[in-house]
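Read the structure below first, then the notes.
Model, not experiment: these values are computed from the prediction.
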Amino acid sequence: MSYSVGQVSGFAGITVRTLHHYDKAGLLSPSDRSPAGYRLYSDADLSRLQQILFYRELGFPLDEIATILADPQANALDHLRARHRLLNDQISKLQRLVEVAEQAMEVQQTGVELSPEERFEVFGEVTFDLTYATQAHLKWQHHESYQRSMARAAGHSKEDWAQIMAEAADWRLRLTAAFDAGEPADGERAMDLAEEHRQHIARWFTPCPTDVHGRIADGFVTDPRAFALAVPPTEQRPGLAPYLRTAVHANAVRRSPADDA
């Protein structure tokens, strides 16, 4: 079977111009001619084209493809290994670029106006999950309380954040200690810790009445990303998120509406 340039272009999903370029470069020249003198590709030519396209897909330059195909005894595996190493290096570089872009997006979504170095210094392993921050932004961006919280977050200095994180770390130590000691979730100690958490949110971000605090605590159980903002994964225990939620709701019951002011 023989095939015209147009037919091969359609088969291979490449342009006629590309086929002409391969012909001019000596990489793939049609083997046959029609009675009218038009060049035609044979089945062997199509097999060679398939090899060319395979190597091109891997990013090989044309001159290197020509070298591989010119010597039937050439060890194509060596070329593939080298290309594999190069592609892995490129993937690593691109991944770093992705991380930088995500950090920049994260800053915009969370309102934390710190450099990546400052964020690592202040937050350590307590990080804002980008997907969670983005979903929260899309869901709540038109709500006044969310806007107020983001505005206050954006206004915090590095020193403010250091204090916020120090308070949170101390609170987490006392929370996990109460949990590990078997203190009841609806007991005074656990409820006091829940109230302290509510006051922390109100002091640094946005007014947090008990009903709002309850919804936040519900999120700790339904979405691990939300709980990770309060307690890093390395400090979590099985059952700690439901424990905190119970304490938050118990605290709401013991308080009067006037206490939320």
Side-chain angles (χ1 to χ4, degrees), residues 1-110 112 114-120 123 125 127-139 141 223-226 228 233:
M1 292 289 293
S2 296
Y3 309 92
S4 68
V5 174
Q7 287 176 313
V8 174
S9 171
F11 294 158
I14 58 177
T15 65
V16 171
R17 183 177 180 179
T18 297
L19 288 170
H20 286 319
H21 178 64
Y22 290 169
D23 187 5
K24 186 176 180 180
L27 193 61
L28 177 67
S29 298
S31 301
D32 300 330
R33 288 185 179 273
S34 70
Y38 294 107
R39 291 188 170 190
L40 298 173
Y41 291 87
S42 66
D43 288 334
D45 294 333
L46 293 185
S47 296
R48 184 179 175 89
L49 176 60
Q50 187 176 34
Q51 290 180 287
I52 293 169
L53 295 179
F54 168 73
Y55 288 117
R56 286 296 289 156
E57 184 69 20
L58 292 176
F60 281 88
L62 294 182
D63 58 348
E64 190 171 352
I65 295 175
T67 299
I68 295 172
L69 297 182
D71 183 5
Q73 304 304 317
N75 189 352
L77 184 58
D78 288 340
H79 291 274
L80 289 170
R81 283 173 175 158
R83 178 57 49 176
H84 182 266
R85 288 192 296 271
L86 178 60
L87 289 172
N88 275 328
D89 288 343
Q90 292 174 341
I91 289 170
S92 296
K93 292 177 181 177
L94 288 173
Q95 185 59 46
R96 287 194 291 272
L97 290 175
V98 168
E99 290 171 357
V100 170
E102 287 182 344
Q103 288 174 341
M105 291 166 61
E106 188 177 329
V107 167
Q108 295 299 317
Q109 296 287 15
T110 62
V112 181
L114 299 177
S115 69
E117 293 79 10
E118 290 174 326
R119 288 170 60 81
F120 181 79
F123 294 109
E125 65 174 312
T127 58
F128 293 88
D129 186 291
L130 180 60
T131 58
Y132 179 74
T134 301
Q135 289 171 5
H137 177 75
L138 293 174
K139 183 177 182 179
Q141 60 181 314
D223 194 333
R225 299 170 302 174

Identify the heavy atoms of Leu49 and Ala12 that sit nearest to each other, and give their distance. CD2-CB, 3.9 Å
Roughly how far apart are Thr67 OG1 and Leu62 CG, rounded to 0.5 Å? 11.0 Å
Are the side chain of Arg48 and the backbone N or O of Ser29 linked by a donor-acceptor pair below 3.5 Å? no
Would you give the length of the straight line joining atom CZ of Arg39 to atom OG of Ser34, rounded to the nearest 0.5 angstrom? 11.5 Å
Contacts of type salt bridge (Lys or Arg N to Asp or Glu O under 4.0 Å), residue Asp43, not counting sequence neighbours: none
Nearest 0.5 Å please: distance from the OH atom of Tyr55 over to the CG atom of Leu69. 6.5 Å
Calculate, to the nearest 0.5 Å, the distance between atoms CG and CG belonging to Leu53 and Leu58 respectively. 11.0 Å
Criterion side-chain hydrogen bond (donor to acceptor under 3.5 Å, both in side chains) on Asp32 and Ser42, from CA distance to verdict: CA-CA 7 Å; Asp32 300 330; Ser42 66; 4.9 Å; no
Interatomic spacing from OH in Tyr41 to OG in Ser2 - rounded to 0.5 Å: 12.0 Å
Does the side chain of Arg56 come within less than 4.5 Å of Tyr22's, by heavy atoms? yes
Hey, is the main chain of Asn88 close enough, under 3.5 Å, to the side chain of Ser92 for a donor-acceptor pair? yes
What are the two closest heavy atoms between Asp23 and Pro30, and how far apart are they? OD2-CD, 3.8 Å
Answer yes or no: is there a side-chain heavy-atom contact under 4.5 Å between Tyr38 and Val5? no
Checking Glu64 side chain against Pro61 main chain: does a donor-acceptor pair fall under 3.5 Å? no
Between the CD1 atom in Ile52 and the CD1 atom in Ile14, the distance rounded to the nearest 0.5 Å is 8.5 Å
